[in-house]
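Every chain is numbered from 1, with letters handed out A, B, ... down the list of sequences.
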Amino acid sequence: IDGRGWRSGAPVEKKRLAQWFYRITADAPELLSALDELEKWPERVRVMQANWIGRSEGARLRFGLVTPEAGIDEVEVYTTRPDTLYGMSFLAIAPEHPLAAAVAARDAGAAAFVAECARLGTSEAVIEAAEKRGYDTGIRVAHPFIEGASYPVWIANFVLMEYGTGAIFGCPAHDQRDLDFARKYGLAVPPVVLPPGEDAATFQVGAKAFVDDGVIIHSGFLDGLTAPAQAKRAAIAELERRGAGKGVVNWRLRDWGFSRQRYWGTPIPVVHCHSCGVVPVPETELPVVLPEDVQFDVPGKVLDHHPTWKHVPCPACGAPAERDTDTLDTFVDSSWYFARFCSPRASGVVDRAAVDHWLPVDQYIGGIEHAILHLLYARSFTRAMRKTGYLGVDEPFEALFTQGMVTHASFRATDGRWLTPDEVDLRGDGSAVERASGEAVLVGRIEKMSKSKRNTIDPGEIIDRYGADTARWFILSDNPPERDMEWTEAGAVGAFRFTQRLFRLVESAPARPSSMPNAWSAASRALRRTTHRIISAVTEALDDFAYNVAVARVYELTNAISDAERGDATDASLVWARFEALEAVARLAAPMMPHLAEEMYTRLHPGFDGVVADLPWLEADAALAAAESVIIAVQILGKLRGTIEVAPGADDASVLAAAAGEANVARQLEGKRIVKRIYVPGRIVNFVIAG
RNA sequence: GCGAGAGUGGCGGAACGGUAGACGCAGUCGACUCAAAAUCGACCGACGCAAGUCAUGGGGGUUCGAAUCCCCCCUCUCGCACCA
C-alpha cells in the first residue's frame, strides 16, 4: 500500500495524502500466469482479465535530439516492434509529454494544438477517434542504428501519455495508425517487412499497413530474418550493445487507487500528525468505526466536517492529530468478505483454522459485471492475506459461474416520460397504452433493469402477489442461468399456475400407502420408470447449472402424475407409484421452490416435523428407471424411415431383421442392395444401400 | 481494429455425433358453464389431400449418419479499445 501526493511542510489540513494506492501491479505477473490454472472459470472472464492486465513484450529505447530543447536531449519510446526500427519515418509524442510542453512554451502553434487536444479531452476524443492530427515541432531526432539519419518529431493526438512512455516511433508501413498519420501529413512510408510473394525491389505499402509476418528487408543487420521473435531479439541485442535501449515487459494494469471521499466505506486506519507524519492506528484500537451522528446535507466530506471524530492524539507522540477522513473503496470489503464469512465471530481478522478448512470457495456465482474489477482485486487481496499469514491459498474462488441479469421491456410515453410496467397496459398485438390516459406508449428495448428507465419490478410486489416460490420458479425456468432473462407478467403468471397445480395434485393425493404392493401393473411400472428417470435427470441438470432443464423435467414428472390420476383408481400399485412420484416432485423441486415443497411434503407425510432441505438427496433406482422396451429409429442412408420397438437386450441380428421388416422400410429397401448395416444398440439402425 | 461468445418454430429454449424442436409461454379447436374466468382434453416447424418432401444464419467438407466436428462467409451480443 502506497500513499502518493504527500506534500511535506504544508499545514496539517493540507498535509494529506491525495490518494491511497494498493500496489496491485506488483502482482501483475502472477495474476496473469495463474489464470491458466483457473480451469473452472469461464474462458471469457479469464480473457478479460488477461487483457486488463495487458502484458506486452518489447523494448524501451532512447532517441537523441539533434538539437536539445530546453535541456531535454532525448526522448524515450516504448515499442513492441523493434524489428521494424529501420522503417521509421517520424517520432510522435503525446500532447501531455514534457517535450511538447517545452515546445509549446516557445511556439504559439504548438501551444494552440496542445490546448486543443486538452480541450477535446476524453469524451470528444472518443467521438473523433478516427481523425488523427498532429503538429510538427521542427525538432529532429537521430536514429539509433543509422548513422546520420534524422526524423521529425510530431505532437500527435493519438499518442497516449498513460501508456508506455507517452512517445512512439512511427513505422507507417507496418502500423495502421502510423500509416494514416503519415499519409495525412505526407511523411515517408519505407517498407521493411516483405510479405510472402512480393519483390523487395518493388514492394510498396498502399492504404493498408502490412502487419503480418514476413522477411525483414532494407534493415541492415536484420535483413533476411523471417521469424519476428528472432528479429526482435536481434534488434534488442543491438540496442543493448549500443546502450540505446533494452528489452522490457510492459503492463497495462495500473495501481488501484482505493481511497474515496465518501462516508460509506471502511475508515482508513491512519492518523496524520504535524511532526510524525502518517502514523498507523495501533492494532489494539482497530477497527476504526464510522461515526453515526453525521450530516449528509452539508457540502464537503462527511467525515471531515464531523465535529469530533477526526480529532485524536497522535498514536506515536500524543500531540493533537487528525484521522484520515477518506474511506476505502468498497471493493476492499468485497475482496476478503468470503474469508471473514468462514468465521464471522472470530475476534481477529479471520480464524486461520476456519479459512484453512473452507477456502478456496468451491463455487462462486456472480454477475459478469464483476469479471474484472472485483474478481481481480479479490485475487490479489487473497495473495496479500496469504503473505501476511491470514490464510493459506492464492486463489479465492476455485470455480466461477457468471449468471445473467434480469431484464424487462422499457416503456416511454409520447412526451418522453419513462413509464413503469405498472403504468402500462399491454395489448395482444404487442402494442401498449398508458393505463391512466389510454394514450399510446412506445415499447422500448428489453434491457437491464434500471431506475432511470423505470423498467424495474419490485420483488416485494411479486412476493405479495404470487409468493417467493413463483418468482424463483419463473426465474429458473425461463432460460439458462448464464443468459439474461426477461421478466414478463405472462411468464410469472405461468409459474404461478404451476404452483397452484402442484398444490391441487397434493390435495387430491392418496394417503401414504401402508405397504408395498405385491404386483405391479403396466401403468404403475411406467410411472415408476418416469419417476426414477427424472430423479437422475434433475440431479444431473442441477449439477450442470441447467436449472431450466431441471424445471422442465419436474414438469414432465408432474404431467405423468396427472395422467396417472386419470388412470385406474382401483389399481393399488398405481396409487403407490403416484404417491412415490408426488413425493419425488416435492423433494426434487425443493431447491427451486422451497416453501411449496415443504408444504407438499408435510401434507404427504402428516406429522413430519423436519425440513425437506435436511433430507438426503433422492437417488434414482437404475433398475426401475430402465426401459422395458426401447424404440429404435430405422434409417436408410441416414434418413429416418421408421421406428421399431424391441426388447432392451435384443441381439443385433434380430433387431436388424425387425428393422428390415418394418413396413415402410421394407418397401423402400425393395429391389435395393444393402451394402452396410449399422446398429447402435438401443438407438438406431442405418441401412446403407447401393445405387 | 483486437479478443470472446452466440445464431434452432410466433417466443424462451431442449437435444453423450444417432428419431431436431423436450418442457414452458403464446395460439387453435373442444369439454365443463346461462355466460365468463379457472380447470380439463386434443392440436400446434413449413409445403402437401396423401404418400412424402424440405427444415437448426449461408456455402463447402469429414462421416453410414452433423444443430453438434473442420474450413470460408454473413449477422448479432459482450469485453477491451488510437495499448505503440
Side-chain angles (χ1 to χ4, degrees), chain A residues 42-52 54-56 58-59 77-81 84 92 94 125-126 128-132 156-160 162-171 174-178 180-181 211 250-252 368-369 371-372 404 428 430 473-474 477-480 482-486 488-495 497-498 500-501 504 537 540-541 546 548-559 562 565-566 631-644 664 667-668 674-689:
Chain A
E43 174 68 16
R44 167 160 99 115
V45 173
R46 290 190 285 170
V47 168
M48 282 163 74
Q49 291 211 351
N51 290 343
W52 190 258
R55 180 183 196 275
S56 77
V77 155
Y78 172 73
T79 180
T80 55
R81 294 295 304 271
T84 63
V126 172
E128 298 205 60
E131 175 76 13
K132 289 182 179 36
N157 67 341
F158 68 94
V159 179
L160 305 174
E162 311 82 66
Y163 188 80
T165 61
I168 62 162
F169 82 87
C171 176
H174 307 293
D175 181 285
Q176 193 58 46
R177 290 157 311 172
D178 295 350
D180 295 345
F181 189 77
V211 296
N250 198 52
W251 303 85
R252 205 191 78 102
I368 188 68
E369 68 273 21
I372 296 173
W473 190 253
F474 173 39
S477 70
D478 190 59
N479 63 359
E482 66 272 20
R483 298 193 201 169
D484 288 348
M485 74 90 61
E486 185 193 356
T488 59
E489 189 68 17
V493 169
R497 270 205 302 264
F498 183 67
Q500 303 304 297
R501 187 173 157 214
R504 279 195 306 274
E540 201 175 306
N548 56 324
V549 178
V551 165
R553 296 296 163 249
V554 172
Y555 270 109
E556 244 183 278
L557 183 53
T558 306
N559 291 343
S562 292
E565 242 185 6
R566 289 191 297 276
I631 297 187
I632 307 282
V634 184
Q635 300 179 334
I636 296 172
L637 287 173
K639 287 194 192 281
L640 181 71
R641 296 303 175 195
T643 57
I644 54 171
N664 193 38
R667 196 164 50 76
Q668 302 223 13
I674 299 173
V675 295
K676 196 171 181 185
R677 296 172 175 81
I678 291 147
Y679 174 46
V680 181
R683 291 203 170 270
I684 201 160
V685 169
N686 192 10
F687 293 114
V688 183
I689 57 174

Could you list, one pair per line, each protein nitrogen or oxygen that sits under 3.5 Å from a nitrogen or oxygen of nucleotides 75-78 of chain B, together with the distance?
{"from": "B/rC78", "atom 1": "O2'", "to": "A/Arg44", "atom 2": "NH1", "distance (Å)": "3.3"}

Exercise for review: Measure the distance from CH2 on A/Trp473 to P on B/rC25 and round it to the nearest whole Å.
Suggested key: 12 Å
Point to revise | Watson-Crick or G-U stems involving RNA chain B, each at least 3 pairs long, distances under 3.5 Å, ordered by first number | key: B:1-7 with B:74-80, B:10-12 with B:23-25, B:27-31 with B:39-43, B:45-47 with B:52-54, B:57-61 with B:69-73
Give me, pair by pair, the N or O atoms of the protein and of nucleotides 39-44 of chain B that are less than 3.5 Å apart, along with how far apart they are.
{"from": "B/rG41", "atom 1": "OP1", "to": "A/Arg566", "atom 2": "NH1", "distance (Å)": "2.5"}
{"from": "B/rG41", "atom 1": "OP1", "to": "A/Arg566", "atom 2": "NH2", "distance (Å)": "3.0"}

Check your understanding: With sequence neighbours left out, what residues match A/Tyr679 under side-chain hydrogen bond (donor to acceptor under 3.5 Å, both in side chains)?
Key -> none
Review point. Does A/Arg55 have any salt bridge (charged side-chain N to carboxylate O under 4.0 Å, His left out) partners at least two apart in sequence or in another chain, and if so, which?
Key: A/Glu57
**Study point:** Short side-chain N/O contact from A/Arg177 to OP1 or OP2 of B/rC83, under 4.0 Å
**Key:** yes
Check your understanding: Residues in ring pair (Phe, Tyr, Trp, His ring centres under 6.0 Å) with A/Phe498, at least two apart?
Key -> A/Trp473, A/Tyr555
Point to revise | Under-4.0 Å side-chain N/O to phosphate OP1/OP2 contact, A/Asn51 with B/rA81 | key: no
Check your understanding: Residues in ring pair (Phe, Tyr, Trp, His ring centres under 6.0 Å) with A/Phe181, at least two apart?
Key -> A/Phe90, A/Trp154, A/Phe158, A/Tyr185
Exercise for review: For A/Arg55, report the nucleic acid contact type (base, sugar-phosphate, nothing); a contact means any heavy atom under 4.0 Å.
Suggested key: nothing
**Study point:** By salt bridge (charged side-chain N to carboxylate O under 4.0 Å, His left out) - contacts of A/Glu162 (at least two apart)
**Key:** none
Review point. Considering residues at least two apart in sequence or located in another chain, which fulfil the salt bridge (charged side-chain N to carboxylate O under 4.0 Å, His left out) criterion with A/Arg641?
Key: none
Point to revise | Residues in side-chain contact (heavy atoms from CB on, under 4.5 Å) contact with A/Asn686, at least two apart in sequence or another chain | key: A/Gln635, A/Ile678
Study note, to complete from the structure: Readout for nucleotides 60-66 of chain B: B = base within 4.0 Å of protein heavy atom, S = sugar-phosphate only, - = neither; 5' to 3' it is ----BS-
**Study point:** Partner residues of A/Arg177 under the salt bridge (charged side-chain N to carboxylate O under 4.0 Å, His left out) criterion, sequence neighbours left out
**Key:** A/Asp175
Point to revise | Phosphate-side-chain proximity, A/Tyr78 and B/rA84, N/O vs OP1/OP2 below 4.0 Å | key: no
